[in-house]
2 protein chains.
Amino acid sequence: MTLDFYNKNKKIHLAVDCIIFGFNKEELEILLIQRDFEPEKGKWSLMGGFVEENESPDDAAQRVLKSLTGLDHIYMEQFAVFGAPDREPYERVVSLCYFALINTEILSTEYKARWFALDQCPPLIFDHNEMVTQAHNKLKKKAALYPILFELLSDKFTIPQITLLYEAIYQNQLDKRNFTRKLLASKLLIKLDEKDKENSKKGAYYYKVDKSIYKEKIMTFLNFLPGWYGE
Amino acid sequence: MTLDFYNKNKKIHLAVDCIIFGFNKEELEILLIQRDFEPEKGKWSLMGGFVEENESPDDAAQRVLKSLTGLDHIYMEQFAVFGAPDREPYERVVSLCYFALINTEILSTEYKARWFALDQCPPLIFDHNEMVTQAHNKLKKKAALYPILFELLSDKFTIPQITLLYEAIYQNQLDKRNFTRKLLASKLLIKLDEKDKENSKKGAYYYKVDKSIYKEKIMTFLNFLPGWYGE
DNA sequence: AAAAATAAGTGTTAATTTGACACTAAATAA
DNA sequence: TTATTTAGTGTCAAATTAACACTTATTTTT
């Protein structure tokens with residue numbers, strides 16, 4: 001069945017781009033690849049690729065990310081569409097943008113993707129720098145409203161670690177006492193017996209997320225940061 | 001310049017769909033059209049159409065909405081992508097979804113689009129019902145966090161009116177005194193001398209948004225509703 | 001002209017949450 | 001044993017929240 005309705009429309013290249021933020025104890029980083037193919041060979045860019053015939057955009061994002069970085073089963077959120085007719089100089093491509101935040105350690109060194117400090121991000125191809133800026137803004141908002149960040153850290157983490165993560169995202173200092181109080185008030189954290197002794201002499205207790213109440217409690221996290229609500 | 005890189009990719013039909021919520025004194029409504037063209041002729045659907053060669057998706061959404069409803073310069077937000085390979089049975093189409101909230105009164109009767117109470121939305125083509133659900137969830141979240149709703153009402157409005165709007169969106173009762181207090185605490189509202197006498201004997205004062213401080217104050221609206229944060 | 005009806009508008013209080021503030025505790029290294 | 005380092009904790013005043021019901025202005029009815 002071929003309908004005139006569809007035939008009259010010109011199809012468009014559809015792509016996905018992945019903005020992967022990384023955190024590992026100190027600062028917020030971003031994952032980039034140096035293109036070893038034309039066009040724009042040799043330049044830095046986000047991980048991107050076309051949506052294939054029989055996959056959804058979400059699947060395409062997963063596939064592209066895995067093929068370029070080896071990262072598998074990363075939960076990415078689709079957050080923007082870049083679709084200006086002339087955004088790529090060669091042919092028209094509409095790009096669906098996804099972002100995620102992961103622990104930098106889980107990246108295998110076999111792949112050519114490289115971490116950059118967010119504030120030292122090099123010039124990227126096309127409109128990719130703008131994509132990074134928008135993704136960072138989205139991340140700030142998300143972090144203020146949802147405890148997603150717990151999921152994105154490893155399955156266990158210390159309070160000093162999560163504090164540093166929030167400080168990295170917002171590029172600001174947080175009051176340790178007040179922040180800890182809010183964290184614990186959520187009742188989402190379960191204290192483990194184990195301590196992380198790598199980062200201090202005293203050692204900090206590990207916590208994990210209480211998944212059983214996670215879904216219902218998700219909303220108690222509003223106002224998570226004092227006066228910091230993103231954008 | 002034709003690059004192998006692009007040639008290897010199969011292009012895809014790209015469409016936009018517009019979810020337009022309407023409010024007018026009482027309940028939340030949704031704008032739909034009955035298709036007078038194939039495929040799915042005669043069925044109810046959202047306002048949709050393809051992205052053309054030389055327009056951005058945002059422009060396409062504006063054009064499609066205007067052509068089907070006459071509505072012009074409506075600020076719509078792109079909030080989701082529906083892209084499962086088989087979401088339309090005829091050919092593959094990836095749809096970019098936009099939503100907005102407007103006053104039902106501004107719709108001209110010359111067009112065939114029709115308002116439905118949100119809770120009496122008929123079955124729609126393809127995955128359009130799911131699009132409506134997702135847009136409604138997004139609207140709830142937005143309304144809790146931003147004072148956008150003021151912009152979507154007419155340029156002047158009464159406090160009882162805006163209270164009803166929030167109640168319609170959240171399908172819940174709000175405490176009039178507490179809600180009024182929060183509204184005024186934002187200092188975003190300027191009281192006018194004029195009263196709306198249509199809806200009560202006593203009459204309710206009109207207010208308008210103080211645009212001069214609107215931008216900076218936008219964030220003071222967080223926690224606008226008691227315990228209601230959407231999703 | 002008085003009374004009834006309707007929706008607008010307003011205040012108090014107790015409980016909770018916030019943000020500002022600095023010391024003690026635990027472990028290791030010197 | 002002393003010094004060093006980072007984890008972990010408590011108080012208080014101020015602000016915000018949510019629960020609560022009566023008065024006011026106007027029109028309609030009698």
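From a predicted model like this one, the values you see are computed outputs, not experimental measurements. So you know, we letter chains A, B, ... as the sequences are listed, proteins then strands, and number each from 1.
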ring-ring contact (aromatic ring centres under 6.0 Å, His included) partners of B/F116, counting only residues at least two apart: B/W44

Assess, by modelled atom type and distance only, whether the side chains of B/T158 and B/D196 contain a donor and an acceptor separated by less than 3.5 Å. no

Check the distance between D/dT16's P and B/F179's CZ and give it to me in whole angstrom. 17 Å

Length of the line joining A/D196:CG and D/dT6:P, which is rounded to integer Å: 13 Å

Nearest whole angstrom, please: distance from the C1' of C/dA27 to the NZ of A/K201. 8 Å

Who are the side chain to side chain donor-acceptor pair (under 3.5 Å) partners of B/E77, not counting sequence neighbours? B/K142

Between C/dG9 atom C1' and B/Y206 atom OH, what is the distance in whole Å? 17 Å

Residues forming a side chain to side chain donor-acceptor pair (under 3.5 Å) with B/D193, sequence neighbours excluded: none

Among all residues two or more places apart in sequence or in another chain, which pass the side chain to side chain donor-acceptor pair (under 3.5 Å) test with A/N129? none

Whole-Å gap separating P (D/dT28) and NZ (B/K197): 10 Å

For B/E198 and D/dT27, what is the distance between atoms CD and C1' respectively, to the nearest whole Å? 15 Å

Between A/Q161 (CD) and D/dT6 (C1'), how many Å, whole number? 13 Å

Considering residues at least two apart in sequence or located in another chain, which fulfil the side chain to side chain donor-acceptor pair (under 3.5 Å) criterion with A/Q34? none

Pick out the pairs of N or O atoms, protein on one side and nucleotides 8-11 of chain D on the other, that lie under 3.5 Å.
unit_1	atom_1	unit_2	atom_2	d
D/dG8	OP1	A/Y205	N	3.0
D/dG8	N7	A/K176	NZ	3.1
D/dG8	O6	A/K176	NZ	3.0

